[in-house]
**Q** 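If you scroll down you'll find the structure; I have some questions about it.
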Amino acid sequence: MSASLRVIQPAVGALRAAGRSSLLRAREPRRGPGVGRWRSDTLTGDNLRPLEGVRVLDLTRVLAGPFTSMILGDLGAEVIKVEKPGAGDDTRAWGPPFVGSESTYFLSVNRNKKSVAVDLKHPRGAHTIQQLASVCDVLLENFLPGKLQALGLGFEQLSSLNPGLVFCSISGYGQTGPQSQSPGYDSIVSATSGMMHITGPEGGEPVRPGVAMTDLATGLYAHGAIMAALLQRHRTGRGAHIDCNLLSSQVSCLSHIAANYLIAGKEARRWGTAHGSIVPYQSFAEDRWSLELLPRSSLVKPEILT
């Protein structure tokens, strides 16, 4: 669903009139009936989700950013997704299969959102985004660093209108550095970070994971950082600029693989379905003569060692 530019002005006015609910309102926790433990679902009310009253302006497209805002929407936030007039999010056309006019790829990461079409390069469009940002708690974007600032929509510019705005930038390689102007693609970052080097058959070629794990991991990191920034804002009244990028997220997810190299100098390799530190920990072909098929009398009783 998209709204034309001419109907956005009164809509923004309505949002401003409604105001923003204060995040993390103090509530007295109560015990669940007949239970001696605190119930998490009662801390914010039986029918109130954790981010109820939080408003998110989502300028992202494709996967990492939309995945982030979808999680926030699942937690109760009101998500306003801004799309390109005429075409919308790139993934609307990624298919088949399609459900109506939308691809299942698009639907998989864009539930619980409202959608509006705005041309950010048009002065009126940029002004509309400024108005929306002034009444939102969180702004998500995944443009190349500097692009939004050139349109008057950067962190410094929007935080002057809304000091409490949590501004999350998702990029391929961060806001600064020699690769900051390079676009971020899951497959490229998966290779650059070393993820593909450890994925695939033993002795075979590197393999890309079946789903875009780099994008999804970045979305999870961004979601966690936004939650932390909202908690910090509750204490300080100030927003924050979050720099979340694909390369850092995927390198972080290398976990013990990275630690083995940094601490012990041990370079990783592909193990297929096996594990370099745990044995047995891999897939095995189904054994038709498994224990379940043997007669009970043939099973050996385990001995208790003392």
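Just so you know, these numbers come straight off a predicted model, no measurement behind them.
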**Q** Taking L63's backbone N and O only, do any of them form a donor-acceptor pair with D215's side chain (distance below 3.5 Å, no angle check)?
**A** no
**Q** Would you check if the side chain of R92 reaches a backbone N or O of A87 as a donor-acceptor pair within less than 3.5 Å?
**A**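 No, the answer is negative, given that no donor and acceptor are paired below the 3.5 Å cut-off.
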**Q** Would you say V82 and L161 are hydrophobically clustered, going by side-chain heavy atoms of ILVMFWY under 4.5 Å?
**A**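 Result: yes, single cluster for both.
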**Q** Do Y173 and V189 come within less than 4.5 Å of each other through their side chains, counting heavy atoms only?
**A**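 The answer is yes, as the side chains (C-beta and beyond) meet within the 4.5 Å cut-off.
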**Q** Is there a donor-acceptor pair under 3.5 Å between the side chain of E83 and the backbone N or O of D89?
**A**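 Yes, E83 side chain to D89 backbone: donor-acceptor pair under 3.5 Å.
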**Q** How many angstroms lie between CG in D58 and CD in E141, if you round to the nearest 0.5 Å?
**A**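 The distance works out to 10.5 Å.
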**Q** Is any side-chain N of the basic residue among E78 and K113 closer than 4.0 Å to the acidic one's carboxylate O?
**A** no
**Q** Taking A64's backbone N and O only, do any of them form a donor-acceptor pair with T68's side chain (distance below 3.5 Å, no angle check)?
**A**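 Pair found, side chain donor or acceptor close to backbone of A64.
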**Q** With the side chain counted from C-beta on, respond yes when V207 and P201 share a heavy-atom pair under 4.5 Å apart, and no when they do not.
**A** yes
**Q** What verdict does the side chain to side chain contact (heavy atoms under 4.5 Å, CB included) test give for S190 and M213, after you've listed the backbone C-alpha separation in whole Å, the side-chain angles of each residue and the deciding distance to 0.1 Å?
**A** CA-CA 8 Å; S190 182; M213 287 308 305; over 6 Å; no
**Q** What distance separates L230 CG from R235 CZ, expressed to the nearest 0.5 Å?
**A** 11.5 Å
**Q** Nearest 0.5 Å please: distance from the CG atom of L132 over to the CG atom of L153.
**A**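 Nearest 0.5 Å value for the CG-CG distance: 10.5 Å.
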**Q** Same cluster or not: are L151 and L165 linked, directly or through other Ile, Leu, Val, Met, Phe, Trp or Tyr residues, by side-chain heavy atoms under 4.5 angstrom apart?
**A**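 Linked within one cluster.
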**Q** Does any N or O in the side chain of R233 come within less than 3.5 Å of the main-chain N or O of G164, such that one atom is a donor and the other an acceptor?
**A**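 Between the backbone of G164 and the side chain of R233 there is a qualifying donor-acceptor contact (under 3.5 Å).
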**Q** Would you say that T192 contacts L247 through its side chain, given a criterion of any heavy-atom pair below 4.5 Å between the two side chains?
**A** yes
**Q** Heavy-atom distance under 4.5 Å between the side chains of L51 and V56, does that happen here?
**A** no
**Q** Go through the steps to decide whether S249 and C244 satisfy the test side chain to side chain contact (heavy atoms under 4.5 Å, CB included), and finish with yes or no.
**A** CA-CA 8 Å; S249 298; C244 192; 4.0 Å; yes
**Q** Looking at S255 and I257, would you say the former's side chain and the latter's main chain have a donor-acceptor pair under 3.5 Å?
**A** no
**Q** Under the criterion side chain to side chain contact (heavy atoms under 4.5 Å, CB included), I'd like the reasoning laid out for L158 against Q130: C-alpha separation, chi angles, the key distance, then a yes or no.
**A** CA-CA 7 Å; L158 294 184; Q130 291 172 347; 3.9 Å; yes
**Q** Would D74 and R49 pass as an ion pair if we require N to O under 4.0 Å?
**A** no
**Q** Could you state the interatomic distance from CG (N245) to CG (N142), rounded to the nearest 0.5 Å?
**A**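 The distance works out to 12.5 Å.
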**Q** Applying ring pair (Phe, Tyr, Trp, His ring centres under 6.0 Å) as the test, list every pair that has at least one member in residues 54-105; sequence neighbours left out.
**A** W94-Y105
**Q** Going by heavy atoms in the side chains, are P206 and H197 under 4.5 Å from each other?
**A** no
**Q** Consider only side-chain heavy atoms of I, L, V, M, F, W and Y, link residues closer than 4.5 Å, and tell whether I188 and I198 are in one cluster.
**A** no
**Q** So, taking the atom named CD1 in I170 and the one named CD1 in I242, what distance separates them when rounded to the nearest 0.5 Å?
**A** 9.0 Å
**Q** Assess the side chains of S187 and R208: does a donor N or O sit below 3.5 Å from an acceptor N or O?
**A** yes
**Q** Can you list the residues that meet the ring pair (Phe, Tyr, Trp, His ring centres under 6.0 Å) rule with F167, with sequence neighbours excluded?
**A** F155, H241
**Q** Evaluate the side-chain proximity of K81 to L57: yes if any heavy-atom separation is below 4.5 Å, no if none is.
**A**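 SC-SC contact between L57 and K81 ruled out.
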**Q** With a 4.5 Å cut-off on side-chain heavy-atom distances among I, L, V, M, F, W and Y, is there a chain of contacts connecting L139 to Y221?
**A** no
**Q** Counting only N and O atoms by type, is there a donor-acceptor contact under 3.5 Å from the side chain of Q157 to the main-chain atoms of G154?
**A** yes
**Q** Could you check whether R124 pairs with D119 (Lys NZ or Arg NE/NH1/NH2 to Asp/Glu carboxylate O, under 4.0 Å)?
**A**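 Not counted as a salt bridge, because no side-chain N and carboxylate O are separated by less than 4.0 Å.
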**Q** Could you grab the distance from atom OG1 of T218 to atom CG of L246, nearest 0.5 Å is fine?
**A** 4.0 Å
**Q** So which heavy atom on G65 is nearest to which on L140, and how close?
**A**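 Looking at all heavy atoms of both residues, the closest pair is O-CD1, 4.1 Å.
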**Q** Can you tell me which residue pairs pass the side-chain hydrogen bond (donor to acceptor under 3.5 Å, both in side chains) test with a partner in residues 266-282, sequence neighbours excluded?
**A**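 Listed once each, the pairs are E202-R269, T273-S283.
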**Q** Counting distance only, does the side-chain N/O of S103 pair as donor-acceptor with the main-chain N or O of F106 below 3.5 Å?
**A** yes
**Q** Is a donor on one side and an acceptor on the other found under 3.5 Å between the side chain of H223 and the backbone of L72?
**A**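 Absent.
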**Q** Give the C-alpha distance, both sets of side-chain angles, the deciding distance and a yes or no for side chain to side chain contact (heavy atoms under 4.5 Å, CB included) between L59 and L148.
**A** CA-CA 10 Å; L59 307 183; L148 284 184; 4.1 Å; yes
